[in-house]
Amino acid sequence: MMPKKIAFGKNAAKEFEYPKKSLIITTTTPDIYNKWIDYMGITDYELYDKASPDPAIETVEQIKKEYEGRQISSYIGLGGGSSMDLCKYLSKLTGIPKILIPTTFGTGAEMTTYAVISFEHKKKLLQDEAFLADAAIVDPYFLPGTPFNIMRNSACDAAAQASEGYDSKLSNPFTKLFCKEAFEILEDAIINDKPHLLPYGAMLSGIGFGNSSTTLGHALSYVFSNEGVPHGYSLSSCTTVAHKFNESIFYERFKKICQKLKFEPLKLKQPLEEAAEVIMPDRGHLDNNPREVTRADIIKCLDEIVNSNPLA
Ligand SMILES: [Zn+2]
């Protein structure tokens, strides 16, 4: 599955013909989004800019109510994952189509059937065919200005998703095609300092892993995320160690990417045995791992992550 329409490359967001009476949903501030909207050349629109990161179901309900009966023709999610997730869930409730325009690149969320929404202050990863974009626009115009730290975390996430997705038990020749191409573009972008290639690489990664799944690297990473480590950063060591465990063809190349991005080793406050208890029930990731993973394997991987430097 992938969006009905995909527009990508330089000027993609500028040349796109936006439907009249669209509702733009963004999480950024007017000084930033006014520039974006100017660039897009969109004129007949409404704007919702009160969305905050990690959107809750209450925000979805509130936007739905606020714009009911105002003949909104489509939602435009403009910004990071949160803006897009809001549009995905709204569109599922109302049936109004959605156009997704990422401005921070890495998750490939504009390509996938996944959305993260909080219910009672708990983030929940949801999957639904209704979350798929009617159109996705991937334009490197939005890249400059992204702080280095956010960019390197996103780049690492995209490379981890592409390579884990390639190895996943759910992969097939078609998804592998996207994952492999994504990894090669991302590797070129990172190793040879061509950041303008990151958005396209992340987009292909989204199509590839979105139709297969991520695996052990992602499963290991969540205990670090729970202690506040950014997602992409936690994947630097976790996916490297997972690739080694799986004897992945991407092990050395992924490690080189992390070295180039200068990621520091990870620490874990929680004892390794306790962390393993959190990881083991994550069947969604572990069952799709190319090699069977036992509790002892998880502890061994965690030990390697925190007690030796897997990126050295
Ligand atoms: Zn990820």
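Owing to the predicted nature of the structure, the values given are computational and were not obtained by experimental measurement. Numbering of ligands and ligand atoms starts at 1, following listing order.
For a distance threshold of 2.8 Å, the protein N, O or S atoms nearer than that to the Zn ion (ligand 1), listed by chain and number, are D157 OD1, Q161 OE1, H218 NE2, H231 NE2.
A donor-acceptor contact closer than 3.5 angstrom is absent between the side chains of S83 and T26.
Between Q62 and Y48 the shortest side-chain heavy-atom distance falls below 4.5 Å.
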Go through D134 and Y75 one step at a time and tell me if the side chain to side chain contact (heavy atoms under 4.5 Å, CB included) criterion holds. CA-CA 10 Å; D134 294 271; Y75 303 115; over 6 Å; no
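The minimum heavy-atom distance between T214 and N288, with the atom names listed, is O-CB, 4.5 Å.
A salt bridge does not link K14 with D139: none of the charged nitrogens is closer than 4.0 Å to a carboxylate oxygen. Salt bridge absent: K65 and E61 never bring a charged side-chain N and a carboxylate O closer than 4.0 Å.
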